[in-house]
Amino acid sequence: MAGAGGGNDIQWCFSQVKGAVDDDVAEADIISTVEFNHSGELLATGDKGGRVVIFQQEQENKIQSHSRGEYNVYSTFQSHEPEFDYLKSLEIEEKINKIRWLPQKNAAQFLLSTNDKTIKLWKISERDKRPEGYNLKEEDGRYRDPTTVTTLRVPVFRPMDLMVEASPRRIFANAHTYHINSISINSDYETYLSADDLRINLWHLEITDRSFNIVDIKPANMEELTEVITAAEFHPNSCNTFVYSSSKGTIRLCDMRASALCDRHSKLFEEPEDPSNRSFFSEIISSISDVKFSHSGRYMMTRDYLSVKIWDLNMENRPVETYQVHEYLRSKLCSLYENDCIFDKFECCWNGSDSVVMTGSYNNFFRMFDRNTKRDITLEASRENNKPRTVLKPRKVCASGKRKKDEISVDSLDFNKKILHTAWHPKENIIAVATTNNLYIFQDKGN
Amino acid sequence: EDTQEKEGILPERAEEAKLRAKYPSLGQKPGGSDFLMKTLQQGQKYFDSGDYSMAKAKMKNKQLPSTGPDKNLVTGDHIPTPQGLPQRKSSLITSKLVG
């Protein structure tokens with residue numbers, strides 16, 4: 001295929017990279033989630049150390065601006081700390097599993113961040129004025145001796161350097177026995193769901209001491225356990241509808257109007273498998289690691305180990321589109337099982353118009369599939385390509401046989417360099433791609 | 001085994017054969033159930049909270065240099081009030097994505 005990128009002739013260029021250059025990665029710096037807010041102006045990352053870093057796109061006011069604004073640090077805070085579960089003598093990791101933004105209602109921004117057990121609602125607000133001229137206090141806060149006060153004045157607000165403050169407004173705790181894998185805000189903007197391996201709970205954003213259980217797949221006898229919940233999401237428009245995916249490759253769509261406990265699905269999406277094709281690995285590689293509705297709400301996308309599938313909500317018996325991410329790994333499953341890579345949970349995302357989907361792979365490669373042109377492209381997130389406005393060169397993996405020039409053979413792939421988290425700006429062709437500890441931002445050259 | 005059959009075998013099956021050759025005790029269960037148990041695995045168990053605190057302290061010592069006592073600190077001179085206390089310095093390390 002031609003050098004132009006997949007997807008309406010988008011030409012992807014390097015824009016920015018954040019993070020340390022050195023190869024010695026501290027565990028806390030491993031990026032665990034990436035998410036644009038609804039306008040795309042803010043980009044949040046969460047890491048294994050429980051920290052959140054928010055970047056803000058700078059507004060274009062330059063006469064000679066050659067690209068969309070750059071993303072610079074806006075706020076950073078410690079969202080979660082490591083805890084100890086005294087009852088079970090287990091550590092609760094502070095790693096941020098997911099961040100989800102609330103739509104903006106006023107001057108402040110709100111997001112939900114979650115680790116394995118606790119969800120927190122954070123308010124991020126700007127302060128650019130402060131009161132000065134108190135009667136009873138000095139400017140540094142110390143109290144004045146009242147006998148020295150001889151006149152009264154009215155304190156006034158004076159401008160100050162912009163300060164961005166993050167404060168936890170709600171803490172939603174103690175509702176999950178198992179590890180939270182997903183949070184999703186409802187289109188009613190009042191409720192949200194949180195899902196762990198066996199249960200899904202419904203919360204009201206204002207209420208922290210109560211949560212409704214809406215799905216429970218825990219069997220009475222744990223020996224009978226055959227599948228777990230891997231991801232869940234609310235429908236973007238129907239506030240009564242949500243889906244959850246399983247480790248067996250199925251997706252269940254539930255309607256909260258049908259009953260209080262949605263253990264019985266309204267729809268079950270499953271692609272029939274040829275039983276003669278089954279192997280030891282079949283179930284593992286069919287496990288769905290991510291599910292995302294399209295912006296339109298008509299489709300949903302699932303990611304399993306080797307492919308991305310697009311489902312039409314009106315058709316349960318098979319996906320309408322299937323894209324192979326790295327089919328060449330099928331003949332490497334044995335070693336991928338041994339080094340645990342087969343359990344890697346890749347995410348996927350839609351572009352703003354639902355015409356292109358993106359997901360990560362190994363060797364710091366990521367893939368895009370254009371649903372209209374059926375073209376796909378493989379790109380690499382690497383500091384070697386970091387000249388702004390230079391179009392990224394497509395990559396190709398050679399599965400077998402003679403390796404062409406510029407191709408990389410499967411055996412040369414670095415399986416420690418995995419891109420699990422990617423995000424696409426809701427309106428523009430700007431993407432955020434997280435390698436292990438670096439965040440790359442790429443833009444369409446034609447901006 | 002028949003050579004013709006081998007060529008027709010799915011790459012997955014060939015990989016499964018490799019795995020079983022390496023680990024004969026793999027058992028007849030499909031790969032899924034080990035995966036489930038692994039998923040539900042709750043993490044590292046500690047003997048008790050003291051054990052946990054010690055483990056965390058050891059990790060912290062590796063990451064941060066230990067600070068000596070502040071020689072300028074005066075204690076016992078007066079009853080402290082919130083206004084009089086120095087600002088507590090954050091001991092948390094900032095993410096490398098910043099700056």
Side-chain angles (χ1 to χ4, degrees), chain A residues 18-20 26 28-29 31 45 47 49 51-53 55 73 76 78 81-82 84-86 88-93 116 141-143 178-179 197-198 222 225-228 230 247-248 277-287 330-338 340 342-343 437-439, chain B residues 8-23 26-57 59-60 62-64 81-87 90-99:
Chain A
K18 312 270 183 197
D29 291 324
I31 299 172
T45 61
D47 66 22
R51 300 166 299 194
V52 171
V53 182
F55 301 92
V73 179
T76 179
Q78 187 76 33
E81 302 247 19
F84 190 68
D85 181 338
Y86 294 94
K88 296 182 188 160
S89 291
L90 291 170
E91 176 175 23
I92 300 170
E93 268 192 7
D116 284 339
R142 279 179 302 131
Y143 281 95
Y178 301 94
H179 292 181
D197 297 317
L198 298 177
M222 282 297 269
L225 182 70
T226 54
E227 63 184 327
V228 294
T230 53
S247 53
K248 275 190 158 174
N277 285 345
R278 271 199 85 77
S279 76
F280 175 84
F281 304 108
S282 299
E283 194 174 307
I284 306 175
I285 62 173
S286 72
S287 176
R330 204 179 284 269
S331 50
K332 299 287 167 198
L333 292 177
C334 177
S335 45
L336 292 169
Y337 180 88
E338 288 180 285
D340 274 356
I342 204 174
F343 301 106
N437 63 330
N438 284 175
L439 181 72
Chain B
I9 279 179
L10 286 171
E12 262 180 66
R13 289 271 180 80
E15 290 295 300
E16 179 175 358
K18 251 195 248 174
L19 195 67
R20 290 199 185 279
K22 273 191 184 179
Y23 308 100
L26 203 55
Q28 286 313 302
K29 290 193 287 189
S33 27
D34 289 338
F35 167 47
L36 276 187
M37 288 307 123
K38 192 185 169 76
T39 306
L40 291 176
Q41 183 189 320
Q42 304 257 6
Q44 187 179 357
K45 236 178 151 73
Y46 293 87
F47 181 71
D48 61 12
S49 58
D51 181 22
Y52 171 72
S53 301
M54 293 290 288
K56 281 284 148 182
M59 270 172 54
K60 274 219 174 102
K62 278 188 199 148
Q63 282 183 8
L64 298 170
T81 55
Q83 289 85 350
L85 286 175
Q87 277 297 313
S90 172
S91 57
L92 301 166
I93 307 164
T94 313
S95 164
K96 294 204 178 100
L97 295 181
V98 176

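Note that the structure is a prediction, hence the values are computed from the model and not measured. A note on names: the letters A, B, ... follow the listed sequences, proteins ahead of strands, and every chain is numbered from 1.
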Which one wins on heavy-atom pair count under 4.5 Å against chain B: [options]?
options: Leu198(A), Thr45(A), Thr226(A), Leu336(A); answer: Thr226(A)
options: Lys18(A), Glu227(A), Glu338(A), Glu93(A); answer: Glu338(A)
options: Gly19(A), Gly49(A), Ser89(A); answer: Ser89(A)
options: Asn277(A), Leu439(A), Thr76(A); answer: Asn277(A)

From Val73(A), Asp47(A), Ile31(A), residue fulfilling side-chain contact (heavy atoms from CB on, under 4.5 Å) relative to Leu97(B): Ile31(A)
Residues in side-chain hydrogen bond (donor to acceptor under 3.5 Å, both in side chains) contact with Asp29(A), at least two apart in sequence or another chain: Arg51(A), Lys96(B)
By a 4.5 Å heavy-atom criterion (distance strictly below it), what part of Ser286(A) contacts chain B: side chain, backbone, both, or neither? neither
Side chain, backbone, both or neither: which part of Ile285(A) has a non-hydrogen atom closer than 4.5 Å to chain B? side chain
Crowding at CE, Met54(B) (>12 non-hydrogen neighbours, <6.0 Å): no
Smallest heavy-atom separation, Glu15(B) atom then Lys332(A) atom, equals OE1-C, 3.3 Å
Can you tell if the side chain of Lys18(B) reaches within under 4.5 Å of the side chain of Leu333(A), non-hydrogen atoms only? no
Spacing of Glu12(B) atom CD and Ser279(A) atom OG [to the nearest 0.5 Å]: 3.5 Å
If you round to the nearest 0.5 Å, how far is CZ of Phe281(A) from CG of Leu10(B)? 12.0 Å
Check the angle between the aromatic planes of Tyr46(B) and Phe84(A) and answer parallel, tilted or perpendicular using the 30° and 60° thresholds. perpendicular
Has Arg13(B) got a side-chain atom pairing as donor or acceptor with Phe280(A)'s backbone, closer than 3.5 angstrom? no
